[in-house]
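Below, read A as the first sequence line, B as the second, and so on, with proteins coming before strands; counting in each chain starts at 1.
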Amino acid sequence: MRLPSPTSGEASRLMDSLRIRDTFFSYFEGVAHRRVPSASLIPSGDATLLFTNAGMVPFKDAFLGSEAPPSSRCVSIQRCVRAGGKHNDLDRVGFTRRHHTFFEMMGNFSFGDYFKKEAISFAWEFLTKRVGLSPEVLWVTVYTEDDEAEALWKSVTSIHPSRIVRLGEKDNFWQMGNTGPCGPCSEILVDQGPAFSCGRPTCAVGCDCDRYLEIWNLVFMQYDRNEAGILLPLPRPSIDTGMGLERLSSVLQGVESNFETDLFMPLMEKIGSLSRTPYGKGKGEKDFAYRVIADHIRASYFLIWEGLVPSNEGRGYVLRRFIRRAVQFGLDLALPNPFLPALGEKFVEMMRGPYPELLGGRDRVAAILAEEEERFIRTLEYGLPLVREAMAESRRRGSMTLSGESLFWLYDTHGIPVDVVLDWVRPEGFSLDLEGFEARMGEQKEQGRRSWVGQKSSFPVSASLLTRPVTFVGYDRLDAEGEILVLVHGANSVEKVSEGEEVEVVSGVSPFYPEGGGQVGDRGVITGPTGEISVESVYRPYPGWISHRGRVRTGTLSIGEPVRLSVDPSWRRGARIHHTATHLLHAALRKVLGDHVRQAGSLVLPDRLRFDFTHGEPLTPLQIERIETLVNDWIATGEAVRISEKSRQEALAGGALAFFGEKYGDRVRVVEVPGMSVELCGGTHVRELSEIGLLYVLSESGVAAGTRRIEALAGSAAYGQGKKWREELSAIRGFLRAPGGRILDRLESDEKARETLEQELRATKSHLFEVETAGMLGESFQAGDIRILVAAVDCRDGRDLRLRMDILKSRIPSGIIILAGRTEGQVLLLGWASQDLEKRFPVNSWIRKMAAALGGKGGGRPTWAEGGGVPPSSWPVFLDTVRAEIREEAMRTLVGS
RNA sequence: GGGGGGUUAGCUCAGUUGGGAGAGCGUCAGGAUCGCACCCUGAAGGUCAGGGGUUCAAAUCCCCUACCCUCCA
């Protein structure tokens, strides 16, 4: 029940999400906005961000001013993933009406173009005129100090003044980080009626409950916060807005939760048909499971489609958690495994309208989903016995509660979620110490956090210090003239650096390639009027920056000085050879193995390369051979490498491989070897393939499930390796005296000969020991009722001694045997007592005593003991002494018993 | 990036204060059978992941490396 009805126009009563998208785009295009396609979920060049989590993320550099926006007015519907953080704990997803890991954010943006007035009026007009929301249900909030915004709401819209509420910094002030652009914001809310209220008397706008639903946030970026925390006015204030497509859909479709919109219902129905129980639309006992699964398949599908694979770290790990959580909740609904591929197929069907490109790669995504699902099921199967063992252990302690420690162990070490454990142990009457578990979990998190902040070294200079980005000239030149703009020593920005110091240098121009795209940063030297720095690594501390890290070799350098920057040509040469070789390798892999192969990471160094790619199984030697041959055939053509800048659409249409998509950027750099490989790439490359020379694949191995790794050498590194192999081979030939080949035959026959010899040696030894020990039996004597043998033999190692012992003890069914093995400079002692003498005559104490007499140690069990020491001055004396003592002891125990 | 667990026969895994490397399945041979499966007897098969250290003695304890599983960031 909802009063009053939020929508006023009949036409919009049943607005499906597709129409909402169209209406949104066409409205803003109508007011001169440029439509920008959704950027990748995986942010490019931003290590601080796990996923694109808001509509403004692709525009971050544009807001910071380090990059030009596609237009001063833009509109987008950006796909987003949130997987943690204060407002979106993964655990809450599925248990509320509105939390998602994957969602789409509709937004309009102004980069120094229009400001508050237009932003407010566009939003109002869109909501009330285009999608027909009734002004009666709308509320707005403004920042407590923002008089301007409140006045504008009153003057440019028809909202009732009593529906404008002022809120504080927590709700209505937005900032990107601790420094940088920020500003007040203004939110538009829909009053869903008292039925949605938490019922508390204090319930009003700002309350956490569902009654006042925030649907659109308008951010007025008008300040730049500097390091001191002071707000300085931005010269060109900007607008960033965000409205969740899922929320707006739920309002416009008159349903109670996002999960009942057309963005979810087909998935809910599919889950319902698989589990044979329909979704209860919020009233079913297990509805939460439907919601979790539907939500997670959306996020997982998109992430995999964008080239991510489940793994045990970083983004891949978040993806793994999505998939595993979905599978886990699938258990609650008794869904038959694997069920994720079928849901994925349904999702593509739903989303093919707005995202036609999703149709490509369907098989690959389905395969990855299925594999991860099966993998988790295996983990659970493996875990069941462990849980049983934990229960048994608890029972032994007389407790029917599994301890927090063992719950943590099951989860942390073996990946078995607590909920799953609970399901298994509840029927047995067990409960769980959840508090103990949470406590251990907290420690773990704290530890992770500490190690994280501990190693994070932040660049000590603000990103806004540079008014324009550093010009990279390294594609064409290896030398450049520049001026020192920033110097860093230790954790501080400094004016001057001198000999021996570790420093970082930023200059306005640089030919140094900064580490990125898998390619290592350049090395070289920076020379000033009075000093020189050797550059050891180069990276981008912020987008658009290039920082050179190294050590001052001679003299001093100061801010403002002119410098000459020179890249080490042989370093760069090795890097570009290996980089182009990587592209060829990638293309060859796809050709030989299939189009499911995608780059999953790469490392390009001057003297080797490493390439990770998606492929389900190990490569056969034949496949590796074919790939290597193909690449070398390509190299031999000597084809020219073409590098060009194109529009993204044009590049993709030309078949370019693009992974981990860029941002909205229209201009992309395309590296093409005609007929062989086309990739979007910012790295440095050879001009002609002949420069590569040759390529050797060194190894192929697995890095994670579904990901393989190839390591290879190209150019002079490959030649050097070939030379090394040749030298080794000739050394082996010389050693084996097998010149001219047939080394394998030679090894084989040698191996056979060795085996024969070993067998013969074994036979001879056992014969020898038979004879030898037969003689030794004569040395044995009877002491009371015990048969005793103490003897010394020459032997090579303990193994020989044991062989003799085995023979001897089979001849003496009851008794004591002590053998002293004389080896080079050492004595090994071995003692045996038959089972019946275990208590009465434990041989380990004798071995210990003898070893001590020989200046060594020993020990063991009563029936079998070993020890060692240095040889006695006289063997006969030593042995006789031992015999006498043992005899005496034997007689005494006889009397005693 | 930081933890936890693992790596022993072809496979699945035991191996308890450090003291003789094991089981089941599989393989092979023999027996039994018209034949097959079952069954009986026996055998082969191991750099205990690799390297270093401690020790008289290391699968076992310590350190390093590689790989696999898993958690946290």
Less than 4.5 Å apart, any side-chain heavy atom of A:Phe430 and any of A:Arg395? yes
Taking only the side-chain heavy atoms of A:Tyr411 (C-beta and beyond), determine which of B:rU70, B:rC71, B:rA21 contains the nearest atom. B:rC71
Does A:Asn337 form a side chain to side chain donor-acceptor pair (under 3.5 Å) with A:Glu373? I'd like the steps, not just the answer. CA-CA 8 Å; A:Asn337 299 100; A:Glu373 181 169 352; 2.7 Å; yes
Rounded to the nearest angstrom, tell me the gap between atom CG in A:Leu386 and atom C1' in B:rU70. 12 Å
Could you tell me how far B:rU12 sits from B:rA66 if I compare only their C1' atoms? Round to whole Å. 24 Å
Interatomic distance at C1', B:rG10 relative to B:rG53, whole Å: 34 Å
Donor-acceptor contacts, no H, no angles, side chain residues 324-332 of chain A, under 3.5 Å, sequence neighbours left out:
residue: A:Arg324; atom: NE; partner: A:Glu372; partner atom: OE2; Å: 2.9
residue: A:Arg324; atom: NH2; partner: A:Glu372; partner atom: OE2; Å: 3.2
residue: A:Arg325; atom: NE; partner: A:His296; partner atom: NE2; Å: 2.9
residue: A:Arg325; atom: NH2; partner: A:Leu90; partner atom: O; Å: 3.0
residue: A:Arg325; atom: NH2; partner: A:Val93; partner atom: O; Å: 3.2
residue: A:Gln328; atom: NE2; partner: A:Asp419; partner atom: OD2; Å: 3.4

Selected nucleotide, minimal atom distance to A:Gln826 side chain, candidates B:rG5, B:rC56, B:rG19: B:rC56
In whole angstroms, the gap separating C1' of B:rC56 from CD1 of A:Ile818 amounts to 16 Å
Whole-Å C1' distance, B:rG3 and B:rU17: 28 Å
Could you tell me whether A:Gly868 contacts a base, only the sugar-phosphate backbone, or nothing, with contacts defined as non-hydrogen atoms closer than 4.0 Å? base
Measure the distance from CZ on A:Arg325 to P on B:rC71 and round it to the nearest whole Å. 13 Å
How many angstroms lie between CZ in A:Phe302 and CD1 in A:Ile304, if you round to the nearest 0.5 Å? 12.0 Å
Given atom CZ of A:Phe437 and atom P of B:rC71, what is their separation to the nearest angstrom? 11 Å
Atom-to-atom span, CD of A:Glu866 to C1' of B:rA58 - whole angstrom: 12 Å
Which part of the nucleic acid does A:Met805 contact within heavy-atom distance under 4.0 Å: base, sugar-phosphate only, or nothing? nothing
When you look at CZ of A:Arg883, are more than 12 heavy atoms from neighbouring residues, nucleotides or ligands closer to it than 6.0 Å? yes
Nearest-nucleotide check on RNA chain B, A:Trp409 vs A:Gly869; residue mapping nearer the 5' end is A:Trp409
base_contact_polar (B:rC71 base, A:Gln444 side chain, donor-acceptor, <3.5 Å): yes
Out of B:rC56, B:rU70, B:rG19, minimum distance to the side chain of A:Leu828 belongs to B:rC56
Whole-Å distance between B:rA57 P and A:Met850 CE? 17 Å
Check ion pair A:Arg811-A:Glu770 (N to O, under 4.0 angstrom): yes
For B:rC25 versus B:rC68, give the span between their P atoms, rounded off to a whole number of Å. 32 Å
Can the ring centroids of A:Trp846 and A:Phe841 be said to lie less than 6.0 angstrom from one another? yes
Do A:Leu41 and A:Leu303 come within less than 4.5 Å of each other through their side chains, counting heavy atoms only? yes
Would you kindly give the CG-to-C1' distance between A:Leu407 and B:rU70, to the nearest whole Å? 16 Å
The correct list of stems in which RNA chain B takes part (3 or more consecutive Watson-Crick or G-U pairs, distances under 3.5 Å) is B:1-7 with B:66-72, B:10-13 with B:22-25, B:27-31 with B:39-43, B:49-53 with B:61-65
Verify the neighbour count for atom NZ of A:Lys857: are there more than 12 heavy atoms of other residues, nucleotides or ligands below 6.0 Å? no
What does the list of N/O pairs under 3.5 Å between the protein and nucleotides 10-16 of chain B look like, with a distance for each?
none

What distance separates A:His578 NE2 from A:Leu585 CG, expressed to the nearest 0.5 Å? 11.0 Å
Inter-nucleotide P distance (B:rG30, B:rC36), Å rounded: 12 Å
OP1 or OP2 of B:rC71 less than 4.0 angstrom from a side-chain nitrogen or oxygen of A:Arg320, does that happen here? no
For the residue pair A:Leu713 and A:Val697, establish whether any side-chain heavy-atom pair is separated by less than 4.5 Å. no
How would you label the contact of A:Arg321 with the nucleic acid (heavy atoms, under 4.0 Å): base, sugar-phosphate, or nothing? sugar-phosphate
Do A:Asp412 and B:rG5 share a donor-acceptor pair, side chain to base, under 3.5 Å? no
Touch class at under 4.0 angstrom, heavy-atom based, for A:Arg440 against every strand present: nothing
CE-CD1 distance between A:Met850 and A:Ile818, expressed to the nearest 0.5 angstrom: 5.0 Å
Rounded to whole angstrom units, what separation is found between the CD atom of A:Glu438 and the C1' atom of B:rC71? 14 Å
Please state the C1' separation for the pair B:rG22 and B:rU60 - nearest whole angstrom. 15 Å
With a 4.0 Å limit, can you tell me whether A:Thr379 has a side-chain N or O closer than that to the phosphate oxygens OP1/OP2 of B:rU70? yes
Distance between the P atoms of B:rA23 and B:rA43, in whole angstroms? 11 Å
Quantified in whole Å, what is the C1' atom distance between nucleotide B:rA9 and nucleotide B:rG45? 6 Å
